[in-house]
S.K.: 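There's a structure below that I have some questions on.
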Protein chains: 2
Amino acid sequence: MIPLLAETFREHGYEGASLSLIGQRTGLGKGSLYHFFPGGKAEMAEAVLAELDAWFETNLFHPLHTGPDAEAAIAAMFRTIDSYFRSGRRICLVGLFALGEPRDRFAKAIATYFTRWCQALASALRRAGKDPALAEEFVAGIQGALVLARALDDPDLFTNALARMEARLADGR
Amino acid sequence: MIPLLAETFREHGYEGASLSLIGQRTGLGKGSLYHFFPGGKAEMAEAVLAELDAWFETNLFHPLHTGPDAEAAIAAMFRTIDSYFRSGRRICLVGLFALGEPRDRFAKAIATYFTRWCQALASALRRAGKDPALAEEFVAGIQGALVLARALDDPDLFTNALARMEARLADGR
DNA sequence: GTCTATAAAGCGATAGAC
DNA sequence: GTCTATCGCTTTATAGAC
């Protein structure tokens, strides 16, 4: 259910994902949708952001913070990210919301997502003996690579960008 | 006229910029808007993208390609970019369009923008004796930094990101 | 050229039968 | 819980007076 909503928002944006479109994708009528989400579309988006937040917390931030081998945790992050964003064929919903109109409405969830990502990565970098300032650079690099990959319709741009970041770490730069 | 349209699309997105909102910002009624742009909103966006393309060609791409001092041209690009994006307080309209729904409709203009930027920067990097592969990395880094700065409502993130890119060049990395 | 009025369609949201 | 029907509003776009 939530994944279907997430995919609809990802592909059409918050405004572009009309209730009728959401109904088609989920196979539910408006009555059912408002039964599960009395708050309407805004509540659907909140639910999506909450689930997304939980997923990243479990699969990315927690391992980065607590993984015994920090270097391995960072390498695992790059693999997880490549898989999550379908090697550049999928965009970041939070990034899309951040750039667009819905930013103000979901400002807290958006800010939390990026703050936690940067902090978790910085923590792992520190423990791995690398420059923690790279965290912002990598998170921004990932977001930018998603923009570029989608703009040029070339998913390889994303995969290559991830590879270059890992190479920078290996070089000790 | 076009700058007013551009700012409205930047702040509200393609779908969020309704004709009534555009009318408010430009001070024109719908009759006047359709007089100048018979194709409606799509034609307004096309005009904005065309003007934007011309601006970047003149102020960024051309200097990067033909500037006698390639290193100085790259430094000038960073200054121009910082000014254009209001030190992180303004987002990139093309990046926003690329991530969102209007991507397919304006695919050509979007792809051209990023392709030319990467090519121009790669050309300057090559002539400056740097790694031309950094071009994609920097363009993506700029886009990602704009996402992050807006997500966290912290323009300094953008300025700092630009500074780190320049530092990487100076270090010969 | 710029305005008002209006058409036709789609939007989010609600009500109520089942 | 799920559906259909509907409300009120906004949207893009057009028509026509001035």
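These numbers come from the heavy atoms of this one structure, side chains and all, not from hydrogens, waters or symmetry mates. Numbers restart at 1 for each chain; the letters A, B, ... are given by sequence-line order, proteins then strands.
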S.K.: If you look at every strand shown and take non-hydrogen atoms under 4.0 Å, does A:Ala17 touch a base, only sugar-phosphate, or nothing?
M.R.: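 Here A:Ala17 touches the backbone only, sparing every base.
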
S.K.: For a quick test of reading the model: is some side-chain N or O of B:Ser18 closer than 4.0 Å to OP1 or OP2 of D:dT10?
M.R.: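 So the side-chain polar atoms of B:Ser18 never come under 4.0 Å of the phosphate oxygens OP1 or OP2 of D:dT10.
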
S.K.: Look at the side chain of B:Lys30 and decide which nucleotide, out of C:dT2, D:dA13, C:dT14, has an atom nearest to it.
M.R.: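 Nearest to the side chain of B:Lys30 among the choices is D:dA13.
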
S.K.: When you measure from the side chain of B:Lys41, which nucleotide among D:dT12, D:dG1, C:dT2 comes out closest?
M.R.: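 Given the options D:dT12, D:dG1, C:dT2, the side chain of B:Lys41 is closest to D:dT12.
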
S.K.: Can you find a side-chain donor-acceptor pair between B:Glu57 and B:His62 that sits under 3.5 Å?
M.R.: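 No, B:His62 and B:Glu57 have no side-chain donor paired with an acceptor closer than 3.5 Å.
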
S.K.: Quick check for you: among D:dT12, C:dG1, D:dT2, whose closest atom lies nearest to any side-chain atom of A:Phe36?
M.R.: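 In terms of side-chain proximity for A:Phe36, the closest of D:dT12, C:dG1, D:dT2 is D:dT2.
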
S.K.: Do any side-chain nitrogens or oxygens of A:Ser20 fall under 4.0 Å of OP1 or OP2 in C:dG10?
M.R.: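 No.
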
S.K.: In whole Å, I'd like the distance from the CG atom of B:Leu28 to the P atom of C:dC3.
M.R.: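 Atom-to-atom, B:Leu28 to C:dC3, this comes out as 6 Å.
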
S.K.: Between C:dG12, D:dC3, C:dT2, which nucleotide gets closest to the side-chain atoms of A:Tyr34?
M.R.: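 From the listed options, C:dG12 comes nearest.
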
S.K.: How would you label the contact of A:Gly31 with the nucleic acid (heavy atoms, under 4.0 Å): base, sugar-phosphate, or nothing?
M.R.: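 Base contact - A:Gly31 has a heavy atom under 4.0 Å of at least one base atom.
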
S.K.: Over how many whole Å does the gap from A:Glu101 atom CD to C:dG12 atom P extend?
M.R.: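 Interatomic distance, CD of A:Glu101 to P of C:dG12: 14 Å.
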
S.K.: Is it true that B:Arg116 and B:His65 share a donor-acceptor pair across their side chains at a distance under 3.5 Å?
M.R.: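 Per modelled atom types, B:His65 and B:Arg116 side chains form no pair under 3.5 Å.
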
